[in-house]
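First the structure, in the form of structure tokens, and then the observations on it.
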Amino acid sequence: MIPGGQSLVSSPPVFSHDGKKLLVCTGCTVSIFSTSTGMKITELEGGHTDRVTSVVVVPVAAPSSKFISYCWTSSIDGTICYWDFSVPELIKKVKVQLPIHSMVIPNISCTPIGSSEKTSNHYAFISVEDPTISADENKAFRGQIQIYNLTKSRRVRGLLAETRKPELLSVSKNGEFLGITNKRKLDIWKIPSNDFRIEEIKKIKLHHTKKLTALAFHPKLRMVAGGDVTGRILMWIGFGRRKFSGDSQATNKKKNLTDEEKPGVRNNDDADSCSTWHWHPSEIKFLSFSSDGAYLYSGGKEGVIVVWQIDTGKKKFKPRLGSPLLYFTESPDPSLSCVTCADNHIHLLKMPTMEITKSIAGIKLPFSYPVGHKGLCTQVAYDETAGLIAVLTEDYCVQFFSLFDNHEVSQVQVCKRNFQPVDDVTLYVALVSVSLDGSLMGTVDVKIPEDGLGGLVSLKFWMRGSRIAEYSLSTVIYEPHSDAEISSLAFRPGHCMAVTSSFGGDFKIWIHNLGIKLNDQLHQKTGWRCQSVGSYKGRPMTAAAFSADGSVLAIAAESVVTLWDPDSNVLVAVIGDTHSPITSLSFIGNSEYLVSLTGGSTPQLAVLTTSKLRLSWSYKLVAEALSSSRDTSQFSVLVLLNSQCGIEKENGVILLFDVEDPVPVATWMVKKAKGGSLAFVPANPSFDEIKAMDGEKPSLLVYVNGDHEYIIFDPHNMDNRIGKSSRTSQIALEEAGMFGYASIYGDLSNLNPKQDQVPEITFAPSERPWETIFNGSSHALPPLTKLCSTFLASLIEKKPSMNE
């Protein structure tokens, strides 16, 4: 199986100690990107079985240790792993047995690698969830903050705190303070630098009138910033002087201070003063101080980074990032930072100008259609020939994402309008369709009427240019079906023809006009025009599909399927009569069969035969998606489970059928099936494990779940030995040749998974390895500590034994 489409924004990213790499949590792995190219270098896999929630990079002190790269990771699977991410290699695993939502290691900065100080025990503070406590219980404390001794791999007795839900932990730069947002207050602990007991940790609370959502500690001063749901930022100065100082006389003095002597401080909190700044109109998502402590960075839903000058309160802005902001991360390199956006993008920023130098783009995440949307909720289409998925985005674009390479190829701007992440949606892209060969694309965007006025439906046709997934606008058709919404859009294979169906009771066939020449002059512009219009008894047209050869057009007229000649627009036949409206149609390869999905109160999967004009077989299933193979007589359907539970993202099952047999050929259980989709795509030639069956080019099945994460697998191979190692990397193409590791050990032989025994890898050093051993890109080269032993061994001549 080949996974892809993981979220890049589920947890904050972390820079390596030299700022040359960015470690990003991607599902159950950690992907490592180069900050100079924005390309993925490698990933940490095999350590966790569930989503990774935190990454902590071990700091380095001595220059001689700059080639050493270690980090700790935590996961929902209840484990903490220790990695050498320069190789990469898993070194150690600590089992916690509870889902970990956040982890910090405060004293890790006190003893960096290469320092002369004696190494003390490393303590991890983890925010875990207790699954034994029901979330339905009133005032139930499901969240806990525990402490683990990572050096001895055991838990420290006691709990630091209990919370209603697991909270995100924040730690000061020097590891002295730990804090969380807890409703309308900040909970702050002072952490001893050396070995300690949990009873020795002191705690204070700083109160506010609104729910707090973010906090950050000043790197040098005893100052903490908190952001709330209304967009206000509060700055507490001199916090903890009364309780954390340990001086009884100073404590008594502080208790006698009046509110006038502690301006802005509520409930006699332990702080000298509190000031408030306000610019953001909505919830604060992140706060971060600059490394020198002179500035504070803040961001939220409006997609603007605000830079506050601490001394004066003056501010400047980095606007138009195009998406709500989630995290801001500073690098050890003061000229580099990154901001994480809610649209699954990470932007690398050149400081202090905050110019975007590189972007790491993941697949765009799904969005919610506005209330009143009548069409299907499928937000994806497929360019099956090129192995691309076309994803509708909230900012009026279509993103083309490579399924096999797991990276963004391009974005097509459908509507020329700046996106503002606000609550009131006035415009959205409702539908996208791509022709079989990928040369044509159609989109439908809808402008929502305000007070019953100003609504508009636009149908747009796009032509592909010389490069894959780059489209230019050909024709715009306003109100193609009067004021009715479009239910489906499909292209005729091998022709410049498309069909749109509407809930208004008609369908239209569109053709591409190449222009007419009269007297060597072009009198008519090229573009798309309506060739014919059809309807059936005034019923809403809910779905449309062309046959594989394009000779038959199937239109679902609510509960019946009508067959048409697309050239003459003549009704040929009518098949079936269901109890609910048909939502999807698909012809099965070159066969005579047609599959339909029905929704509503009586859902149904039905296989129809066009030669006999009758129902062949059917199931009563709640189906979410349907896809048919172009080369065989097989099709797959995504079925929802527990449909009565009202779960937002239900689990489901993928059923693979041969069209003539109602018994499934294969089944697969999947998660997050609600909003998912399926597609058959040709096998990528770079995958050596995929072998052609009976001389035919095999097809792979793609499952995309409701979060736009996907899996590519061979539906005919139950072992599914398609490895990610076969994925062609752009970095690998640029660095082909015998460099670094390959110059010492040679290329690894191809392993046949069908063999019972794996042949031993031969050692094949070159005659002069020292000439090429250190050649190659720096981010792909193993560290010097692992190369020097081999390099020195190649220079030493082996001493003959005495027997010889």
Side-chain angles (χ1 to χ4, degrees), residues 12-19 22 54-61 71 102-113 115 117 122-123 125 168-181 186-193 204 206 212 214-227 233-241 244-245 270-275 277 284-299 305-316 318 327-340 349-352 354:
V14 180
F15 284 94
S16 61
H17 58 80
D18 57 1
L22 185 67
S54 302
V55 179
V56 179
V57 173
V58 179
V60 173
C71 70
S102 180
M103 177 183 72
V104 294
I105 308 176
N107 65 340
I108 199 170
S109 59
C110 301
T111 56
I113 296 177
S115 64
E117 298 181 11
H122 284 166
Y123 292 92
F125 289 70
L168 182 66
L169 302 177
S170 299
V171 66
S172 60
K173 187 175 181 180
N174 59 4
E176 185 179 2
F177 300 107
L178 172 73
I180 63 170
T181 58
L186 297 183
D187 293 346
I188 300 176
W189 294 266
K190 183 178 181 182
I191 310 300
S193 57
I204 65 169
L206 300 176
L212 292 161
L215 74 91
F217 291 99
H218 194 280
K220 299 179 180 180
L221 304 177
R222 187 167 285 195
M223 178 189 300
V224 63
I233 300 175
L234 290 89
M235 302 284 291
W236 284 276
I237 300 175
F239 68 89
R241 295 190 190 277
F244 293 160
S245 63
D270 191 357
D272 294 344
S273 64
C274 180
S275 57
W277 296 340
I284 300 290
K285 285 294 185 180
F286 70 77
L287 293 172
S288 178
F289 283 95
S290 61
S291 57
D292 58 1
Y295 298 95
L296 175 69
Y297 304 99
S298 63
I305 300 177
V306 183
V307 185
W308 304 83
Q309 191 173 16
I310 302 299
D311 294 338
T312 63
K314 294 182 179 179
K315 51 189 176 294
K316 60 180 181 179
K318 173 62 178 178
Y327 314 111
F328 186 88
T329 308
E330 277 210 314
S331 166
D333 181 358
S335 65
L336 181 65
S337 294
C338 76
V339 61
T340 303
L349 307 176
K350 182 181 179 181
M351 304 301 289
M354 290 192 291

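Numbering starts at 1 and runs along the sequence shown.
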- request: Identify, with sequence neighbours excluded, every residue that meets side chain to side chain donor-acceptor pair (under 3.5 Å) alongside Ser16.
  value: Asp18
- request: Flag the pair Leu178 / Val104 as yes when at least one side-chain heavy-atom distance between them is below 4.5 Å, and no otherwise.
  value: yes
- prompt: What's the spacing between Leu168 CG and Ser102 OG if we round to 0.5 Å?
  reply: 4.5 Å
message: Restricting to side chain to side chain donor-acceptor pair (under 3.5 Å), what partner residues turn up for Asp292, sequence neighbours left out?
response: Ser290
query: Between atom CG of Leu22 and atom OG1 of Thr340, what is the distance when rounded to the nearest 0.5 Å?
result: 7.5 Å
field: Other residues, nucleotides, ligands: >12 heavy atoms within 6.0 Å of Tyr295 OH
entry: no
message: Does Lys315 form a side chain to side chain contact (heavy atoms under 4.5 Å, CB included) with Val307? I'd like the steps, not just the answer.
response: CA-CA 5 Å; Lys315 51 189 176 294; Val307 185; over 6 Å; no
query: Between atom CD1 of Ile188 and atom CZ of Phe217, what is the distance when rounded to the nearest 0.5 Å?
result: 4.5 Å
- prompt: Would you say Ile204 and Phe239 make side-chain contact, with heavy atoms under 4.5 Å?
  reply: yes
query: Is the shortest heavy-atom distance from the side chain of Glu176 to the side chain of Arg222 under 4.5 Å?
result: yes
- request: Give, for atom CG of Leu296 and atom CD1 of Ile233, the distance between the pair rounded to the nearest 0.5 Å.
  value: 5.5 Å
message: Tell me if the NZ atom of Lys285 is crowded by more than 12 foreign heavy atoms within 6.0 Å.
response: no
query: If you measure from the Lys or Arg side-chain nitrogens to the Asp or Glu carboxylate oxygens, is any gap between Asp270 and Arg241 under 4.0 Å?
result: no
- prompt: Are Phe289 and Tyr297 near enough that their ring centres are under 6.0 Å apart?
  reply: no
message: Would you call the rings of Phe286 and Phe328 parallel, tilted or perpendicular, taking 30° and 60° as the class edges?
response: parallel
query: Nearest 0.5 Å, what's the CG-CG distance between Leu287 and Leu234?
result: 10.0 Å
field: Approximate separation, where rounding is to 0.5 Å, of Cys274 SG and Leu206 CG
entry: 8.0 Å
